[in-house]
Amino acid sequence: MSSAPRPELDKRFDPQSFEMTWYRLQEESGQFRPEVASEDASPYTLVIPPPNVTGRLHVGHALGRTLEDVLARWKRMQGRAVLWVPGVDHAGIATQMVVERDLMERTGKTRHDVGREPFLEICREWADARRGDILNQIRRLGCSCDYSREYYTLDEPRSRAVRRAFSELYHQGLAYRDSRMVNWCTRCATVLSDLEVNHVESSGQLWSVAYPLEDGSGDLVVATTRPETILGDTAVAVHPEDERYTALVGKRVRLPLTDRLIPVVADEMVDRTFGTGVVKITPAHDPNDFEAGRRHGLAEIAVIGFDGKMTAEAGPAYAGLERAAARKKVLVDLRELGLRRDDKPHTSAVGRCQRCDTVLEPLVSLQWFVKIKPLAEKAVAATEAREVTFTPELWKKTYDEWMKNIRDWCVSRQLWWGHEIPAWYCPEGHVTVPKPGEDADPSACVRCGNVTLTRDPDVFDTWFSSWLMPLSVLGWPEKTKDLSRFYPTDVMVTGFDILFFWVARMIMAGVWFDGRVPFREVFLHGLVRDERGQKMSKTKGNVIDPLVMCDEYGADAVRFALAILSGTGRDLPFGTTRVAASRAFATKVWNAARFAMGMLGEETVAEVPAFASLGRVDRWILDRLSATAAKVNESLGVYRFDEAANALYAFFWTEFCDGYVEMVKQVLRDPEVPEAEKAKTRSVLHRVLLDSLALLHPFMPFISCEIREALNGDGAKLPVLPYPAGRDDWSDPFAVEVVETLRETATRVRNLRAERGMAQTVELAAGLEVPEGPVAEALRAHGPLLVHMARLSSLVVAPKVDLPGAFHEHVGVAGLVVSLPKRDLSPDDEARIRKEIAAVDKEAEGIGRKLADESFLARAPQAVVEKVRRQLEELTARRTKLVTNLGEGTTP
RNA sequence: GGGAGGCUAGCUCAGUGGUAGAGCGCCUGCUUUACACGCAGGUGGUCGGGGGUUCGAUCCCCUCGCCUCCCA
């Protein structure tokens, strides 16, 4: 195959010395572009979940990108036209926050001080300067993305898509503007969607306050967790069927701390068992009260403003106070008035800002919403029809549940950084939104023709651009070539934490705007934790930087560790010992290759001679290689990256290195073995190594190329070479049985020495008892090999073997007889043997009971009964030998 | 309040209707000319408690306990 002299592999395995060299070569050669495949190759498309421009690649990204790259490289080697589109998210709130903080630190100015346009310019500069960084971090991991198609969620094509989507929704009557109760962050000074609210259980107080009846006949006691909102109460409510209060409905109470009289109303929403069964109604500051207020036609008095301070409506004593200060003052004032009743500790869920953790304020505000139900219904129809499938499947249930209870999406944000909302208002308050396809800004009001138009000052929720991703990165709304060839994409890989934020919304956008699903499969991976299963957090100091890990252990090791850890559970315990274990594996591969190169010589070809003409050991390893390739392909097909990585690890280390290489060493060094046989074995050794590296390539894209280059001169081509598959013609169960018997025999002999404290160098005489036939013949043929493997002085293969001090065992398909020197039984030996006898007895008892059970014999499958019988025979034989050893006081 | 998931070796996790596996750890040997990031051998689990279905359950069903997460 390769005729050029092979470059040496360094004795020391140093991933840093070659990883990025190979990456650059791969990227520059165009292998990451779908055009590298043939014209008629079927496409395989993925879109990278865009990392925030504010961020640095963290382990969660590293996991997702690794799994995507494994898929991309695997499919590419299978000849698909792989398109993996990379991109970066402009991250509305996050970026604005960082830039504002930076501005404050540098100049002491707020964004309002510098003004909107200059501030946006600063944001743009800042983001542009960082966009490259995050993509370079993705490169460091080895991701084979097509950078020629890179996207940025705030670039021109993506802006067109956002504008188009909004325009369509508006003209379909699905985007509307309304004054509603929303989640308001007083610190970020913007509205947030329901999804951006973190509900945090926190312990607080439940205060009881007496509201005097207007007629002086007593008072009603209400319980509240937010006394400062009393100032905005416009009613108190009781349950309509609560006899305690029915007589009071329609009467009025005097609102403490104010001079207002408010009605007592009856409403079904009141929980009679909560507190006294009387609740205060504050329509402007509580979502439930807001609904109740509209039902009863109550006034909405806002006593807390958008800045988190009390408004003039709260009265001169409170206006201007912070929420928390107002609460204290209200409580003190109520006490002075003698209106406080008992207080109780109380825990309740408080909504906090996902970004800054500030306690959110429910406030009534005029915002843009998307009526999402029609989209959700269409999306659910698509998932029901399995046009999109979920792995693991259980997430579909979660998705269904959310979709069923979905609420309208608040898409406007009071930020500057983001996609501006394409809505204009005339002095009359009419709304003008350009029609789909109209790219120019409107010049006059559509209703009244007034040319004085003001653009909506708000921007869209960042997710309003993200949800269009699979469409917009391929060029939608234009009918581009990429869109027709690569859409719908094949798979979306991401963490389950953004199932609602992103995955569900993308499905809705896909089916709504294009009529097709955005991807055919969703693979949701777990969350990366530290090695003890703890959530990573800055405060705990257990955050692991994947890039630092790449520098210390190599990207190949980081990737392999992530893949092998990505099991079926929700969490992945990741850390240095895991990565170190993967690096140890990489080192093993490296050293195995170094050894092989020494054995192969210059002229060895990797073309394997006819399978049937090969020796049994060679057929065994090819059988195992083929089975491993089949397993890897099968596992990757169902997103079981852990299974695939495990299969490769076990095959390469245990079967290839510890098994095959050790056996073949002897054969290749034995001057007695004919050169023609050695040549065959060398070609098999070569082939297995090359195929192993190919199988490994999606997981370890660098070391695989480095070694292929040294071994076969084709490292540069490896990413586009065919991926090995299982081969029916490389199957030989008999060879597997024989070789496995040889290996077990060697293990048992070594184990006998260890049990007796004998040095492994002591040679022993051994025999294998097996009736004459093909098995005996095969074992006899491998006699010299076994003598070497197990360090025997002699080996007999016969139906019956007699040796002095014989010790009998059953291994694989044969009976093992080993001649051991007699010696006194030590107390340790005796204890060990007694323990073993007890264990054997216990097991035999269970099995005996089974075999005595008529229903077992009648109903269990024949194969199982046979197996159990054999087990009992073996146990009985073992017991006899153990008892003999014990009884003699000596042991062979 | 509603929903989901978990409980398997010291730790972190795979797994199967026929009495259990990996990595790391631990113990014992080993300068075996590819590899101590190694080699060889070993230790270690009534598969959360109880009940049921079954010839047989760690795996299916019920129940209890503990933990985690999501939604409201």
Side-chain angles (χ1 to χ4, degrees), chain A residues 9 11-13 194-195 197-199 271 287-288 349 351 392 394-395 397-402 404-407 496-497 499-500 526-527 529-535 553-554 557 561 564-599 640 642-643 645-647 649-650 653-654 657-658 661-662 665 669 746-761 788-791 832 842-843 846-847 849-861 863-865 867-868 871:
Chain A
L9 288 177
K11 192 166 162 57
R12 201 174 74 90
F13 166 57
D194 295 334
L195 278 180
V197 179
N198 287 337
H199 294 273
D271 175 3
N288 289 324
L394 73 95
W395 289 112
K397 247 190 265 180
T398 311
Y399 159 93
D400 283 339
E401 204 58 32
W402 188 70
K404 210 168 70 192
N405 301 314
I406 198 164
R407 303 212 316 238
F496 60 77
D497 51 328
L499 176 61
F500 304 145
L527 263 27
R529 310 250 164 180
D530 79 1
E531 272 177 314
R532 282 173 306 175
Q534 303 227 339
K535 203 170 177 172
Y553 296 92
I564 208 163
L565 284 170
S566 70
T568 56
R570 289 189 178 199
D571 299 338
L572 291 79
F574 181 76
T576 51
T577 61
R578 312 296 182 138
V579 183
S582 292
R583 183 189 53 180
F585 178 55
T587 309
K588 188 72 184 175
V589 174
W590 183 263
N591 283 311
R594 282 207 306 133
F595 167 78
M597 285 184 69
M599 298 305 270
R640 286 302 303 268
D642 60 326
E643 275 185 4
N646 257 315
Y649 184 99
W653 203 315
T654 310
C657 290
D658 295 345
V661 169
E662 289 306 319
K665 235 184 222 177
R669 281 175 183 157
T747 296
R748 188 60 189 133
V749 172
R750 290 186 201 117
N751 159 261
L752 283 170
R753 287 197 193 91
E755 273 179 0
R756 280 158 185 74
M758 298 163 69
Q760 291 297 340
T761 46
H788 201 277
M789 285 163 73
R791 283 191 186 248
R832 180 173 49 76
K842 198 179 159 199
E843 204 177 331
I847 291 175
R849 207 179 310 122
K850 226 180 219 181
L851 286 171
D853 187 341
E854 277 175 37
S855 50
F856 171 72
L857 297 174
R859 300 193 196 202
V864 173
V865 176
K867 193 178 152 196
V868 171
Q871 277 175 354

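Reckoned from all heavy atoms, side chains included, excluding hydrogens, waters and symmetry mates. Worth saying up front: this structure is predicted, and the values here are computed from it rather than measured. Here is the naming used below: chain letters follow the sequence lines, and residue numbers restart at 1 for every chain.
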Problem set entry | Candidates U12(B), U19(B), A14(B) - which lies nearest the side chain of Lys867(A) | U19(B)
Exercise. Is a side-chain donor or acceptor of Gln760(A) paired with a backbone partner of Arg753(A) at a separation under 3.5 angstrom?
Worked result: no
Problem set entry | Separation between the P atoms of U8(B) and U46(B), rounded to whole Å | 12 Å
Problem set entry | Any His199(A) side-chain nitrogen or oxygen under 4.0 Å from OP1 or OP2 of C71(B) | no
Exercise. Paired with C30(B) by Watson-Crick or G-U wobble geometry, both distances under 3.5 Å: which nucleotide is it?
Worked result: G38(B)
For this session: Look through every strand shown and name the nucleotide pairing with A14(B) as Watson-Crick or G-U wobble, where both distances are under 3.5 Å.
Result: none
Exercise. Which nucleotide in the list A14(B), A34(B), C13(B) gets nearest to the side chain of Asp642(A)?
Worked result: A14(B)
Problem set entry | Closest to the Val864(A) side chain, choosing from A72(B), G18(B), U12(B) | G18(B)
Exercise. Please give, in whole Å, the distance from C37(B) P to Phe13(A) CZ?
Worked result: 14 Å
For this session: Please state the C1' separation for the pair C7(B) and G15(B) - nearest whole angstrom.
Result: 15 Å
Problem set entry | Rounded distance in Å between the C1' positions of C67(B) and A34(B) | 47 Å
Exercise. Roughly, in whole Å, what's the span from CG in Leu565(A) to P in C24(B)?
Worked result: 12 Å
Problem set entry | Given RNA chain B, 5'-ward residue of the pair Asp571(A) and Ala860(A), judged by closest heavy atom | Asp571(A)
Seminar exercise, completed: Paired to G44(B) by Watson-Crick or G-U wobble criteria (both distances under 3.5 Å) is none
For this session: Could you tell me the separation between the CD atom of Glu643(A) and the C1' atom of C13(B), rounded to a whole number of Å?
Result: 13 Å
For this session: Under 4.0 Å between any heavy atoms, over every strand shown, what does Glu531(A) touch: base, sugar-phosphate, or nothing? Just pick one.
Result: sugar-phosphate
Exercise. So which nucleotide from G38(B), C35(B), C71(B) ends up closest to the side chain of Phe500(A)?
Worked result: C71(B)
Exercise. In whole angstroms, how far is the C1' atom of A4(B) from the NZ atom of Lys397(A)?
Worked result: 7 Å
Problem set entry | Whole-angstrom distance between C69(B) and C62(B), as gauged at atom C1' | 24 Å
Exercise. What nucleotide among G18(B), A34(B), U19(B) has an atom nearest to a side-chain atom of Val661(A)?
Worked result: A34(B)
Exercise. Does any non-hydrogen side-chain atom of Phe500(A) lie less than 4.5 Å from one of Thr398(A)?
Worked result: yes
Exercise. Can you find a donor-acceptor N/O pair under 3.5 angstrom joining the side chain of Thr577(A) to the base of C24(B)?
Worked result: no
For this session: Counting Watson-Crick and G-U wobble pairs only, both distances under 3.5 Å, name the nucleotide matched with G65(B), or none.
Result: C7(B)
Exercise. When only distance counts, do a donor and an acceptor, one from the side chain of Glu662(A) and one from the base of A40(B), lie under 3.5 Å apart?
Worked result: no
Exercise. Is any side-chain nitrogen or oxygen of Trp402(A) closer than 4.0 Å to OP1 or OP2 of A4(B)?
Worked result: no
For this session: Would you kindly give the CZ-to-C1' distance between Phe585(A) and G38(B), to the nearest whole Å?
Result: 15 Å
Exercise. Of all the choices, C39(B), C37(B), G41(B), which nucleotide is nearest to the side chain of Thr747(A) once you look at every atom?
Worked result: G41(B)
For this session: For A22(B) versus C47(B), give the span between their C1' atoms, rounded off to a whole number of Å.
Result: 16 Å
Exercise. Between A40(B), G18(B), A4(B), which one does the side chain of Asp658(A) approach most closely?
Worked result: A40(B)
Exercise. Is there a side-chain polar atom (N or O) of Arg669(A) under 4.0 Å from OP1 or OP2 of A34(B)?
Worked result: yes
Problem set entry | Leu394(A), nearest nucleotide to its side chain (from A4(B), A34(B), C39(B)) | A4(B)
For this session: Using a heavy-atom cut-off of under 4.0 Å over every strand shown, decide if Arg12(A) touches base, sugar-phosphate, or nothing.
Result: nothing
Exercise. Taking the six-membered ring of Phe595(A), is the NZ or CZ of Lys665(A) close enough (under 6.0 Å from the centre) and on axis enough (within 45°)?
Worked result: yes
For this session: Considering just the side-chain nitrogens and oxygens of Arg750(A), establish if one lies under 4.0 Å of OP1 or OP2 belonging to U32(B).
Result: no
Exercise. Is there a side-chain polar atom (N or O) of Lys588(A) under 4.0 Å from OP1 or OP2 of G38(B)?
Worked result: no
Exercise. Are any side-chain N or O atoms of Glu531(A) and backbone N or O atoms of Thr577(A), one a donor and one an acceptor, separated by less than 3.5 Å?
Worked result: yes
Seminar exercise, completed: In whole angstroms, the gap separating C1' of U32(B) from CZ of Arg791(A) amounts to 6 Å
Problem set entry | Sugar-phosphate only, base, or nothing, as touched by Ala592(A) at under 4.0 Å among non-hydrogen atoms | base
Exercise. How many Å lie between CZ on Phe595(A) and P on C39(B), as a whole number?
Worked result: 14 Å
Exercise. Base, sugar-phosphate, or nothing for Ala584(A), non-hydrogen atoms under 4.0 angstrom?
Worked result: base
Exercise. Among A14(B), G18(B), A34(B), which nucleotide sits nearest the side chain of Lys665(A)?
Worked result: A34(B)
Exercise. Closest approach of Ser566(A) and Leu572(A), non-hydrogen atoms and distance?
Worked result: CA-CD2, 3.6 Å
For this session: Considering only atom P, compute the distance from C39(B) to U32(B) and round it to an integer number of Å.
Result: 14 Å
Problem set entry | pair Phe856(A)-Val865(A): side-chain heavy atoms closer than 4.5 Å | yes
Problem set entry | Inter-nucleotide C1' distance (U68(B), C37(B)), Å rounded | 35 Å
Exercise. Could you walk me through whether Asp642(A) and Arg640(A) pass the side chain to side chain contact (heavy atoms under 4.5 Å, CB included) check?
Worked result: CA-CA 5 Å; Asp642(A) 60 326; Arg640(A) 286 302 303 268; 2.8 Å; yes
Exercise. Nearest to the side chain of Gln760(A), which nucleotide is it out of A40(B), G38(B), A34(B)?
Worked result: A40(B)
For this session: Starting at CG of Leu9(A), measure out to CE of Met597(A) and round the result to the nearest 0.5 Å.
Result: 5.0 Å
For this session: Name the nucleic acid region contacted by Arg578(A), choosing base, sugar-phosphate or nothing; use a 4.0 angstrom heavy-atom cut-off, strictly under.
Result: base
Problem set entry | C1' atoms of U43(B) and C24(B), separation to the nearest Å | 15 Å
For this session: Send over the distance from Asp853(A) CG to G18(B) C1', rounded to a whole Å.
Result: 13 Å
For this session: Please tell me which of Trp395(A) and Gly567(A) maps to the more 5' nucleotide of RNA chain B, matching each residue to the nucleotide holding its nearest heavy atom.
Result: Trp395(A)
Exercise. Which part of the nucleic acid does Glu854(A) contact within heavy-atom distance under 4.0 Å: base, sugar-phosphate only, or nothing?
Worked result: nothing
For this session: Under the side chain to side chain contact (heavy atoms under 4.5 Å, CB included) rule, what do Arg669(A) and Met599(A) come out as? Steps first, then yes or no, please.
Result: CA-CA 9 Å; Arg669(A) 281 175 183 157; Met599(A) 298 305 270; 4.2 Å; yes
